[in-house]
Amino acid sequence: MTALSDHTPLKLRPLSLKPLALAALLALGVSGGAQAQSLVELYDMARGFDTTVQAARAQYEANLAKADQAKAGLLPQAGLGAGVNWANVDSSAAAGSRSTDSQNLALSASQPLYRPANRLTNEQGQLSIDVAKAQLDAAEQDLIVRTAQAYFDVVAAQDTLTFVLAQKAAVAEQLASAKRNFEVGTTTVTDSREAQARYDLVLAQEIAASNDLRVKKLALDQLVGKDNTSPKPLVSAVALEPVQPADPEAWVQQAQREHPLVRQAIRGFDIAELEVKKAQAGHKPTLDLVGQYQVARGPSTTMPTAGNVRTNTASVGLQFNLPLYAGHAIENRVKETVALVEKARADRETALRNIGQATRSAYFGVLSGLSQVKALEAAEASSQSALDANQLGYQVGVRINIDVLNAQSQLFQTKRDLAQARYNVLVGQLRLKQAGGLLKAEDLQPINALLAR
């Protein structure tokens, strides 16, 4: 099954593709060969290779760890300390000079009882997990669309080159026919020159199409981390599904609830509001439960000649702290966070507006694409009929060579546009789901089922 199988077979009798041209098309890999890859296969490769998704995944893991750090402000803290000291005492007293040493070992612990700033920091840490998850979802959805776009860019470039080669073969045969007719005197030299000019133009188009295919393949190779990728083309008689639900506002409402950027903006606003409360908590007191157990060994302070003695001390108590004056730092911090809340509110509204606009554009883009596909399918049939009529007219002498060449060009252009319109609809449907925040890797399966085996 070649890439041309997605379209109505070319009826160029007697202008048919030569065996050499067919071999060239097969050499280009436009048929679904054993080495060709499906869309799902290439997406799986890209998912393990794309650095954008890897960075978002690492950021998500980092935010999980950061949230656990924030929780630590509510949990008990314990520490172990030890020290050793040596001293030499030189005194004019009768005892004279002497050397002493002392050691101490202390185990201390504390439990926050009232620290409102720590509690708010913990809540912010939990919300930051939602932000990182939204960023990861956005990166994964974007990779799905980028992979599909790169995939069909290559397939479309293959189609373009296929059509150009088919047109080249048809124009070459028309050129040969015009030369033969001129030699026997049935046509003028104008037919030969027109066919030669069209053939030269097709050669230029072939060079451009070959280069475009090479560039598009390089882009796909770089995305998936594999050289010489060969996407499978669509099968014939592709049935494109209509948009469901058929209401743009339903998609907008869905997008404003589920889109990763909206979720990120909403959580950013919530975090900013908690930051205001945390700044205001700078005026509030703190209360901790503290305890310590210490073992010390050193010279006796009451009987210097008694040598070193050991002392065990255990204590438990409450530690209270109330800020009284901090140079207006707390008041200014509150003003700063209030302003940042307004910024976060504006960012959230901007995200909602942009997502709403993007969702409507994606919705109407798919509708337009479906209508364009239907129109081009009708245009393809009309162009084929026009070519058949011009070929018959040329054979009986009522049409000239340029009429046949123009009809051929129109048919090939229509077939190429139809193929591109179908690819645009398939990618557009993915973009619409992305705009609605619903896009998942499983959404590639229905498209994958339309590819050649």
Side-chain angles (χ1 to χ4, degrees), residues 55-83 104-139 257-258 260-295 312-345 347-348 351:
R57 191 175 296 116
Q59 182 63 56
Y60 177 68
E61 297 294 333
N63 279 41
L64 289 177
K66 188 175 181 180
D68 289 337
Q69 294 176 43
K71 187 186 298 183
L74 302 176
L75 301 178
Q77 307 291 319
L80 180 65
N104 66 83
L105 179 66
L107 176 64
S108 59
S110 65
Q111 169 63 56
L113 298 179
Y114 181 72
R115 284 187 174 268
N118 291 14
R119 178 179 56 80
L120 294 168
T121 299
N122 179 58
E123 293 181 19
Q124 287 178 318
Q126 298 303 314
L127 293 178
S128 70
I129 296 178
D130 295 339
V131 172
K133 184 62 170 64
Q135 292 172 340
L136 178 59
D137 291 344
R257 289 193 308 267
E258 300 296 337
L261 295 182
V262 173
R263 286 157 44 201
Q264 183 178 343
I266 292 175
R267 285 293 176 257
F269 176 77
D270 294 339
I271 291 174
E273 284 192 320
L274 290 176
E275 192 66 26
V276 173
K277 295 179 180 179
K278 191 166 70 172
Q280 293 170 342
H283 292 293
K284 298 180 180 180
T286 61
L287 181 64
D288 299 325
L289 175 66
V290 296
Q292 186 181 62
Y293 182 79
Q294 182 178 28
V295 178
N312 297 343
T313 305
S315 65
V316 63
L318 297 175
Q319 184 172 319
F320 176 83
N321 182 51
L322 177 63
L324 297 178
Y325 179 71
H328 300 291
I330 297 176
E331 291 86 348
N332 288 320
R333 174 60 181 160
V334 171
K335 291 180 181 179
E336 177 191 359
T337 55
V338 169
L340 291 176
V341 166
E342 293 306 313
K343 176 184 179 300
R345 192 193 310 276
D347 290 341
R348 182 185 62 181

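- Across all their heavy atoms, Val290 and Ser110 have their closest contact at CG1-CB, 3.9 Å.
- Ion pairing between a basic and an acidic side chain is recognised when a charged N comes within 4.0 Å of a carboxylate O; Lys277 and Glu273 show no such pairing.
- A distance of 11.5 Å separates CD of Gln126 from CG of Leu274, quoted to the nearest 0.5 Å.
- Salt bridge absent: Lys133 and Asp130 never bring a charged side-chain N and a carboxylate O closer than 4.0 Å.
- When all heavy atoms of Pro323 and Asn321 are compared, the pair lying nearest together is CD-O, 4.1 Å.
- Separating the CD atom in Gln77 from the CD atom in Gln111 is a distance of 8.5 Å, to the nearest 0.5 Å.
- Minimum interatomic distance between Val276 and Val338 (heavy atoms only, all atoms of both residues): CG2-N, 3.8 Å.
- Heavy atoms only, all atoms of each residue included: Leu322 and Lys284 are closest at CD1-C, 4.4 Å.
- Taking both residues in full, the closest heavy atoms of His328 and Glu331 are given as CA-OE1, 3.1 Å, listed atom of the first, atom of the second, then distance.
- Taken to the nearest 0.5 Å, the CG atom of Leu105 stands 9.5 Å off from the OH atom of Tyr293.
- The shortest side-chain heavy-atom distance between Arg115 and Asp288 falls under the 4.5 Å cut-off.
- The closest side-chain heavy-atom distance from Leu107 to Val295 is not below 4.5 Å.
- Scanning both residues, Ala344 and Phe269, for their nearest heavy atoms gives CB-CA, 3.7 Å.
- Contact annotation: the side chain of Ile266 approaches that of Val262 to within less than 4.5 Å [non-hydrogen atoms, C-beta and beyond].
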Donor-acceptor contacts, no H, no angles, side chain residues 55-76, under 3.5 Å, sequence neighbours left out:
unit_1	atom_1	unit_2	atom_2	d
Gln59	NE2	Asn63	OD1	2.6
Asn63	ND2	Ser128	O	3.0

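- The only member of Leu340, Val334, Asn332 that meets side chain to side chain contact (heavy atoms under 4.5 Å, CB included) when paired with Glu336 is Leu340.
- Here the CD1 atom belonging to Ile271 is positioned 11.0 Å from the CD atom belonging to Glu123, to the nearest 0.5 angstrom.
- In this structure, CD1 on Ile129 lies 11.5 Å from CZ on Arg267, to the nearest 0.5 angstrom.
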